[in-house]
**Q** 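One structure, as structure tokens, below. Some questions next.
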Amino acid sequence: MIDALNKYIDKTKIMLQLLAKPLNNEQRESAINKITQLIDEREALTKEIKPPFSSEEQELGKQAIELDQQLNQELTKVFQHIKKDMRNAKKQSRSNHSYLNPYKNVASFDGRFLDSKK
């Protein structure tokens with residue numbers, strides 16, 4: 001079981017190293033694929049980790065929990081960057097459409113008087 005904990009910690013450290021580097025869009029996609037693969041491998045390792053725990057295993061468990069918290073923070077940052085990029089892409093698409101056809105959203109009543117009384 002100590003072996004499973006050590007592998008779990010190693011895989012978490014690899015993920016943290018991947019996320020520590022600044023990633024552009026192409027690198028981010030490959031890093032996310034690699035992280036997804038590592039998460040699946042870690043999940044298999046968690047099934048091997050079962051109580052009762054020795055004092056050494058408890059220390060490794062505390063280290064694994066700290067690393068998991070760091071990993072969650074880094075993954076949240078990446079998620080926020082992806083959301084920001086998606087918003088920017090949507091804004092850019094809208095601005096491109098309005099540039100191509102600037103009068104699309106202009107109301108058709110411009111310059112007319114509409115009498116609201118009968």
Side-chain angles (χ1 to χ4, degrees):
M1 188 165 70
I2 291 177
D3 188 41
L5 274 169
N6 283 328
K7 286 180 184 178
Y8 183 91
I9 290 171
D10 290 341
K11 291 184 186 305
T12 306
K13 286 180 180 178
I14 291 170
M15 286 190 277
L16 285 169
Q17 289 172 354
L18 281 171
L19 293 172
K21 302 175 200 168
L23 303 171
N24 62 25
N25 288 339
E26 295 87 29
Q27 292 172 335
R28 185 171 55 199
E29 186 175 342
S30 65
I32 289 172
N33 289 335
K34 179 69 175 167
I35 288 171
T36 304
Q37 176 189 356
L38 289 168
I39 287 173
D40 292 339
E41 292 172 8
R42 277 185 0 155
E43 185 178 342
L45 289 172
T46 57
K47 294 176 182 169
E48 296 176 21
I49 302 169
K50 295 181 180 165
F53 300 117
S54 67
S55 61
E56 183 181 353
E57 291 168 341
Q58 287 178 349
E59 290 300 316
L60 287 174
K62 288 177 184 176
Q63 183 182 359
I65 289 171
E66 290 173 7
L67 289 172
D68 276 346
Q69 290 171 346
Q70 291 176 8
L71 181 64
N72 282 336
Q73 291 173 351
E74 293 298 320
L75 287 173
T76 302
K77 288 178 188 176
V78 170
F79 181 66
Q80 295 299 327
H81 285 292
I82 291 171
K83 281 175 48 175
K84 181 180 174 185
D85 288 347
M86 288 174 66
R87 270 188 250 119
N88 288 341
K90 201 173 197 179
K91 281 182 187 176
Q92 185 177 8
S93 173
R94 272 191 244 129
S95 67
N96 285 345
H97 287 298
S98 67
Y99 179 76
L100 292 173
N101 189 359
Y103 301 109
K104 179 180 179 184
N105 292 329
V106 175
S108 60
F109 319 95
D110 285 350
R112 291 191 221 159
F113 174 74
L114 295 176
D115 190 7
S116 60
K117 296 180 183 177
K118 277 194 170 186

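Atoms considered below: every heavy atom in the structure, side chains included; atoms not considered: hydrogens, waters and symmetry mates.
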**Q** Step by step, would you call T12 with L38 a side-chain contact (heavy atoms from CB on, under 4.5 Å)?
**A** CA-CA 8 Å; T12 306; L38 289 168; over 6 Å; no
**Q** Do L71 and R42 have side-chain heavy atoms sitting under 4.5 Å apart?
**A** yes
**Q** Does the E57 side chain pair with the main chain of S54, one donor and one acceptor, at a distance under 3.5 Å?
**A** yes
**Q** With the 4.5 Å side-chain cut-off for hydrophobic clustering, are I39 and F79 part of the same group?
**A** no
**Q** Which pair of non-hydrogen atoms, one from P22 and one from Q27, has the smallest distance, and what is that distance?
**A** O-OE1, 3.7 Å
**Q** How long is the straight-line distance from CD1 of I32 back to CG of L18, given to the nearest 0.5 Å?
**A** 11.0 Å
**Q** Would you say K7 and E48 make side-chain contact, with heavy atoms under 4.5 Å?
**A** no
**Q** Quick one: pull up CD in Q69 and CD in Q73 and give me the separation to the nearest 0.5 Å.
**A** 7.5 Å
**Q** Decide yes or no on side-chain contact (heavy atoms from CB on, under 4.5 Å) for L19 and K77, but give the supporting numbers first.
**A** CA-CA 9 Å; L19 293 172; K77 288 178 188 176; over 6 Å; no
**Q** Could you state the interatomic distance from CD (Q80) to NZ (K84), rounded to the nearest 0.5 Å?
**A** 10.5 Å
**Q** If you apply the rule side-chain hydrogen bond (donor to acceptor under 3.5 Å, both in side chains), what do you find for E41 with Q37, and how did you get there?
**A** CA-CA 6 Å; E41 292 172 8; Q37 176 189 356; 3.2 Å; yes
**Q** Following the transitive rule for hydrophobic clusters with a side-chain heavy-atom cut-off under 4.5 Å over Ile, Leu, Val, Met, Phe, Trp and Tyr, establish whether I2 and L45 coincide in one cluster.
**A** no
**Q** Does any non-hydrogen side-chain atom of E74 lie less than 4.5 Å from one of M15?
**A** no
**Q** Rounded to the nearest 0.5 Å, how far does CD1 of I9 lie from CG of L5?
**A** 6.0 Å
**Q** Would D68 and Y8 count as a side-chain hydrogen bond (donor to acceptor under 3.5 Å, both in side chains) here? Give the steps.
**A** CA-CA 10 Å; D68 276 346; Y8 183 91; 2.7 Å; yes
**Q** Using 4.0 Å as the upper bound for N to carboxylate O, is an ion pair formed by D85 and K90?
**A** no
